[in-house]
There are 2 protein chains.
Amino acid sequence: MKQQSIAIDMDNVLADVEGHAIAWYKKEYGVSYSKEQLNGQPEGSGFENQEAFWRYVHSPGFFRTVPVMDGALDVLQKLNTIFDIYVVSAAMEFPQSLEEKYEWLDEHCPFITWKQRIFCGDKSVIHTDYMLDDHTKNLDHHQGTSLLFTACHNTLIKHHKRLNNWKEVGVYFNI
Amino acid sequence: MKQQSIAIDMDNVLADVEGHAIAWYKKEYGVSYSKEQLNGQPEGSGFENQEAFWRYVHSPGFFRTVPVMDGALDVLQKLNTIFDIYVVSAAMEFPQSLEEKYEWLDEHCPFITWKQRIFCGDKSVIHTDYMLDDHTKNLDHHQGTSLLFTACHNTLIKHHKRLNNWKEVGVYFNI
């Protein structure tokens with residue numbers, strides 16, 4: 001029997017983009033934010049200098065140096081033995097990130113082969129049994145089961161099954 | 001009403017990879033091949049020095065400099081006004097090609113926005129109404145209408161609707 005498939009997002013799901021930005025902002029501007037302070041606000045808009053945030057996200061090296069989300073790799077590795085896993089990232093929005101994201105996966109998730117990697121813009125044509133993502137714009141058009149991974153910018157969203165962290169992802173999939 | 005969608009391959013469909021390899025082989029080894037001589041043989045195996053062919057395909061610049069397939073751009077541009085077009089390339093097999101393929105699209109198909117670009121490995125989770133591709137391994141698992149674009153390596157394939165060139169693609173889609 002064919003295994004069920006899961007599309008798993010990178011930014012704010014496998015890769016802690018929000019934590020990365022918070023750490024950089026503190027280093028650059030000496031101002032500390034907690035994730036709680038950014039809750040419920042669109043990406044970047046919780047920072048006083050929003051323009052600086054976006055400049056950083058678009059700068060070389062940003063995506064290559066994002067830390068792994070807490071607990072992600074252990075659960076992902078287990079899921080990879082049971083499901084057809086596809087890591088699906090909207091990398092096309094940031095062309096300079098293509099190589100960086102590929103190298104990031106090579107470093108942190110070498111067990112995710114090139115056949116399991118998808119860099120796209122619009123995820124509406126990605127057809128898997130499950131999609132784990134932090135953006136409703138991706139989940140709303142998904143035909144399978146949609147799973148919202150909690151990120152600061154989506155804490156007010158109510159219309160998708162929410163998983164708050166990778167521990168909850170593991171519990172959801174019984175691993 | 002939502003427009004119908006078409007997934008369109010790059011190598012040997014939008015980009016004349018076989019022609020590019022033939023031209024390089026002649027320049028490098030002084031031996032001319034016609035596409036007819038390569039018909040019915042797996043990719044690369046029609047050349048006397050197959051190893052050189054694969055080394056060339058894997059070398060920097062190969063994908064950036066592939067010529068556009070005859071007649072592709074005019075038809076693609078028209079299709080893009082009627083259908084939801086996605087350019088879907090199995091670029092993950094050749095990581096160095098990611099940036100090159102993105103730049104190639106920027107140069108030759110600037111009307112294909114980043115939202116319409118997908119670089120993947122396995123195309124089985126790409127769900128569109130039509131898929132135009134030169135590889136049966138991609139078309140066999142496609143749930144929509146599969147269209148085989150003729151390339152030397154697939155001339156013996158009988159089990160997909162075949163379109164021999166971009167003129168035939170235009171006729172098929174009534175444009």
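Naming: A, B, ... by sequence-line order, numbering from 1 per chain.
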Can you check side-chain contact (heavy atoms from CB on, under 4.5 Å) on I118(A) and F119(B), steps first, answer last? CA-CA 6 Å; I118(A) 302 175; F119(B) 293 166; over 6 Å; no

Do Y102(A) side-chain atoms and L98(B) backbone N/O form a donor-acceptor pair below 3.5 Å? no

Within one Ile-Leu-Val-Met-Phe-Trp-Tyr cluster: L148(A) and V169(A), side-chain cutoff 4.5 Å: no

Do W114(B) and C120(A) come within less than 4.5 Å of each other through their side chains, counting heavy atoms only? no

Heavy-atom neighbours of D70(B) CG exceed 12 at 6.0 Å: no

Who among E93(B), K115(B), R117(B) has the most heavy-atom pairs with chain A under 4.5 Å? E93(B)

Which portion of Q143(A) sits near chain B, non-hydrogen atoms under 4.5 angstrom: side chain

Within 6.0 angstrom of E99(A) CD, more than 12 heavy atoms from elsewhere: no

Rounded to the nearest 0.5 Å, what separates atom NE2 in H127(B) from atom CD1 in I126(A)? 11.5 Å

With a cut-off of 6.0 Å (strictly less than), are more than 12 heavy atoms of other residues, nucleotides or ligands near CD of E48(A)? no

Does atom CD of Q96(B) have more than 12 heavy-atom neighbours from other groups under 6.0 Å away? yes

